[in-house]
Trainee: 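This is the structure I have questions about; it appears just below.
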Amino acid sequence: MVTLTIDGRKVTVRKLSTVLDAARKLDIPIPTLCHHPKLSPSGACRLCIVEITNIARPVTACTILVSEGMKVKTTSPYLERLRKTTLELLLSDHPNDCMICERAGDCTLQELAYFYGIRENRFEGERRLYTKRDENPFIKREPEKCILCGRCVKICNEVQGVSAIDFGYRGFNTKICTPFEKDLDCEFCGQCVAVCPTGALTGTMWVQKGRQQDVRDVDTLCPYCGCGCSLTLHVRRNEVIRVSSSEDTINEGWLCAKGRFGYGFINSPDRLTKPLIRTAPKTSSLIAHYSSLFREASWDEALDYVVRRLKSIKDSYGPDSIAGLSSARCTNEENYLFQKFIRAVIGTHNVDHCARY
Ligand code: SF4
Ligand code: SF4
Ligand code: SF4
């Protein structure tokens, strides 16, 4: 363990901790944009600079390791001036269209600009303008809003192991690119969107549906598979408009494409609300045949029908002529009951589950 002093307060942390880790242990706020606790540090945004006794210049707290007896200062007029200048430089080439940005109210850059009181910008210069938009089904990329923090690249590489994106070009022309600048074609897990501290990455389905201040958050579990990831549904006017996951959950905030973007069925008008019973075809016309395939029924009628048919098939052809297929969308308890029903009531081991396909 290592003991150091931060802003006059002593703290003991594990060896190989960073100064930022130690400051956070003391709940001392240090602004960051590129830092993420699950990613390797890069010191890219330069906002977490601190002064350390015996080190001539400010250093980034996210990259410097603690040492015994170290004395750290996290704030001073000098540090705050440097931080403000860094923010001004970032914002000098930023669209600043918070009024129509999907991430307004949930944007670290906007929050820092607010706290540092940046309204006017004294740095005028060339601006990045990108006309090409990425055509992909889930992720809206607005490269003008990118501050090149690198979080998306690292999460895709270090956590997802996909490496679908990286830094391309150099200097002012640097941008986050896919290989050969083709449209994004990846796992669409959306982790990059989740860690982006600005509006450079958002969900295509979120556009103009409502921003963070407009929504009610409802915690629930993902219905897609047995992993049981925790989800937060963002609900506006009784409609699920976005899904996220908090970092202090069993899945640590990570989701797959289905969990993050596959929520359209919840409010879909095509969703079945009543049982349907398949009817015998009455016509040789194909269109008429398909439109007459199902008719709506009450639950009592549907369940009576299922019981009657299962009994008659079992009586005529034996229990092994029946098979049961269950679903990963059911709970463990429901799946347990289903296999019990197929084995104990129907009398066959013909039971399977879609997660095995
Ligand atoms: S990314 Fe943030 S700062 Fe930039 S326009 Fe959107 S809300 Fe405003
Ligand atoms: S959606 Fe997932 S796989 Fe695709 S770029 Fe983002 S992090 Fe990588
Ligand atoms: S897209 Fe977002 S996460 Fe990626 S580098 Fe730009 S600002 Fe950072």
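In this chain, numbering begins with 1 at the start of the sequence shown. Note that ligands are numbered from 1 as they come in the structure, with each ligand's atoms numbered from 1 the same way.
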Trainee: Over all heavy atoms of both residues, which pair between Leu39 and Arg151 is shortest? Give the atoms and the distance, please.
Mentor: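 What the structure gives for the nearest pair is CD1-O, 3.8 Å.
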
Trainee: With a cut-off of 2.8 Å, does Cys98 put an N/O/S atom close enough to atom 2 (Fe) of ligand 1?
Mentor: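 Checking Cys98: none of its N, O or S atoms is under 2.8 Å.
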
Trainee: How far is atom 7 (S) of ligand 3 from the closest protein heavy atom, and which atom is that?
Mentor: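 Heavy-atom neighbour on the protein nearest atom 7 (S) of ligand 3: Ile147 N, 3.5 Å.
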
Trainee: Give the contacting part of Cys149 toward ligand 3: side chain, backbone, both or neither, where contact means a heavy-atom distance below 4.0 Å.
Mentor: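 The part of Cys149 near ligand 3 is both the backbone and the side chain.
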
Trainee: Just checking, Lys274 and Trp299: is the charged tip under 6.0 Å from the six-membered ring centre and within 45° of the axis?
Mentor: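 No cation-pi geometry.
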
Trainee: What's the shortest heavy-atom distance between Cys229 and Trp254, and which atoms?
Mentor: SG-O, 4.3 Å

Trainee: Below 4.0 angstrom from a heavy atom of Phe188, which ligand 2 atoms are there? Numbered from 1 as shown, please.
Mentor: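 It comes down to these atoms of ligand 2: 1 (S), 4 (Fe).
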
Trainee: What do we get for His94 next to ligand 1 when only non-hydrogen atoms under 4.0 Å count, side chain, backbone, both or neither?
Mentor: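 Side chain only.
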
Trainee: Which atoms of ligand 3 sit under 4.0 Å from any heavy atom of Thr198?
Mentor: 7 (S)

Trainee: Would you find more than 12 non-hydrogen atoms of other residues, nucleotides or ligands less than 6.0 Å from Asp315 atom CG?
Mentor: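 Yes, CG of Asp315 has more than 12 neighbouring heavy atoms, counting only those of other groups under 6.0 Å.
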
Trainee: Between Leu201 and ligand 3, which part of the residue brings a heavy atom under 4.0 Å of the ligand: side chain, backbone, both or neither?
Mentor: side chain

Trainee: Of all the atoms in ligand 3, which lie at a distance below 4.0 Å from a heavy atom belonging to Ile176?
Mentor: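 Answer, ordered by atom number: 5 (S).
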
Trainee: Would you mind running through ligand 1 and noting each atom that sits below 4.0 Å from a heavy atom of Cys101?
Mentor: 1 (S), 5 (S), 6 (Fe), 7 (S)

Trainee: Please identify which atoms of ligand 1 are closer than 4.0 Å to at least one heavy atom of Asp97.
Mentor: 5 (S)

Trainee: Is there side-chain contact between Lys25 and Val13, with heavy atoms separated by less than 4.5 Å?
Mentor: yes

Trainee: Could you tell me, atom by atom, which parts of ligand 2 come under 4.0 Å of a heavy atom of Ile139?
Mentor: 1 (S)

Trainee: Provide, to 0.1 Å, the distance between atom 6 (Fe) of ligand 3 and the closest protein heavy atom, together with that atom's residue and name.
Mentor: Cys146 SG, 2.3 Å

Trainee: Among Arg133, Lys175, Arg128, find the one that has a salt bridge (charged side-chain N to carboxylate O under 4.0 Å, His left out) with Glu144.
Mentor: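 Output: one option passes, namely Arg133.
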
Trainee: Side chains of Tyr116 and Glu88: does their closest heavy-atom pair fall under 4.5 Å?
Mentor: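 Contact flag for Tyr116/Glu88 side chains = no.
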
Trainee: How does Val153 reach ligand 3, by side chain, by backbone, by both or by neither, if only non-hydrogen atoms under 4.0 Å count?
Mentor: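 No part of Val153 is near ligand 3 at this cut-off.
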
Trainee: So if I count the atoms of ligand 2 from 1 in the order they appear, which ones are less than 4.0 Å from some heavy atom of Cys186?
Mentor: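 Those atoms are 1 (S), 3 (S), 4 (Fe), 5 (S).
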
Trainee: Check contact between Pro95 and ligand 1, using heavy atoms of the residue and a distance below 4.0 angstrom.
Mentor: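 No, Pro95 has no heavy atom closer than 4.0 Å to ligand 1.
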
Trainee: For Ala104, take its heavy atoms, then give the atoms of ligand 1 lying under 4.0 Å from any of them.
Mentor: 7 (S)

Trainee: Got a salt bridge between Glu239 and Lys209, using NZ or NE/NH1/NH2 to carboxylate O under 4.0 Å?
Mentor: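 Salt bridge present between Glu239 and Lys209.
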
Trainee: So which atom in Leu184 and which in Ala164 form the shortest heavy-atom distance, rounded to 0.1 Å?
Mentor: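 For Leu184 and Ala164, the tightest heavy-atom pair comes out as CD1-CB, 4.3 Å.
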
Trainee: Go through ligand 3 atom by atom and flag the ones less than 4.0 Å from a non-hydrogen atom of Cys196.
Mentor: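 It comes down to these atoms of ligand 3: 2 (Fe), 3 (S), 7 (S).
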
Trainee: Distance under 4.0 Å to a non-hydrogen atom of Cys156: what atoms of ligand 2 satisfy this?
Mentor: 3 (S), 5 (S), 7 (S), 8 (Fe)

Trainee: Do me a favour and list the nearest non-hydrogen protein atom to atom 1 (S) of ligand 1 with residue, atom name and distance?
Mentor: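 Nearest protein contact, heavy atoms only, for atom 1 (S) of ligand 1 is Gly199 N, 2.9 Å.
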
Trainee: Identify, for atom 2 (Fe) of ligand 2, the protein heavy atom at the shortest distance, and state residue, atom and that distance.
Mentor: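 Here the nearest protein heavy atom works out to Cys189 SG, 2.3 Å.
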
Trainee: Among protein heavy atoms, which lies nearest atom 4 (Fe) of ligand 3, and at what distance?
Mentor: Cys152 SG, 2.2 Å

Trainee: Checking Glu80 against Arg83 for the salt bridge (Lys or Arg N to Asp or Glu O under 4.0 Å) test, could you report, in this order, the C-alpha distance in whole Å, the side-chain angles of both residues, the deciding distance, and whether it holds?
Mentor: CA-CA 5 Å; Glu80 297 306 335; Arg83 285 177 184 151; 2.9 Å; yes

Trainee: Any atoms of ligand 2 less than 4.0 Å from a non-hydrogen atom of Gly190? List them with their elements.
Mentor: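 Within the 4.0 Å cut-off of Gly190, ligand 2 contributes 1 (S), 2 (Fe).
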
Trainee: Using a strict 4.0 Å cut-off to heavy atoms of Cys107, name the atoms of ligand 1 that fall inside it.
Mentor: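 That gives atoms 1 (S), 2 (Fe), 3 (S), 7 (S) of ligand 1.
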
Trainee: Testing Leu33, Leu87, Thr60 one by one against Cys45 for a side chain to side chain contact (heavy atoms under 4.5 Å, CB included), which residue passes?
Mentor: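 Between Cys45 and the candidates, side chain to side chain contact (heavy atoms under 4.5 Å, CB included) is satisfied uniquely by Leu33.
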
Trainee: In plain terms, say whether Glu120 and Arg122 are close enough for a salt bridge, that is, a side-chain N and a carboxylate O under 4.0 Å apart.
Mentor: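 No, Glu120 and Arg122 are not salt-bridged.
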
Trainee: Could you check whether any side-chain heavy atom of Ile176 comes within less than 4.5 Å of a side-chain heavy atom of Cys152, counting everything from C-beta outward?
Mentor: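 A side-chain contact exists here, since the closest heavy-atom pair is under 4.5 Å.
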
Trainee: Tell me: protein heavy atom nearest atom 5 (S) of ligand 3, and distance?
Mentor: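 The protein heavy atom lying closest is Gly150 N, 3.2 Å.
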
Trainee: Taking Asp21's backbone N and O only, do any of them form a donor-acceptor pair with Thr18's side chain (distance below 3.5 Å, no angle check)?
Mentor: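 A pair under 3.5 Å: yes.
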
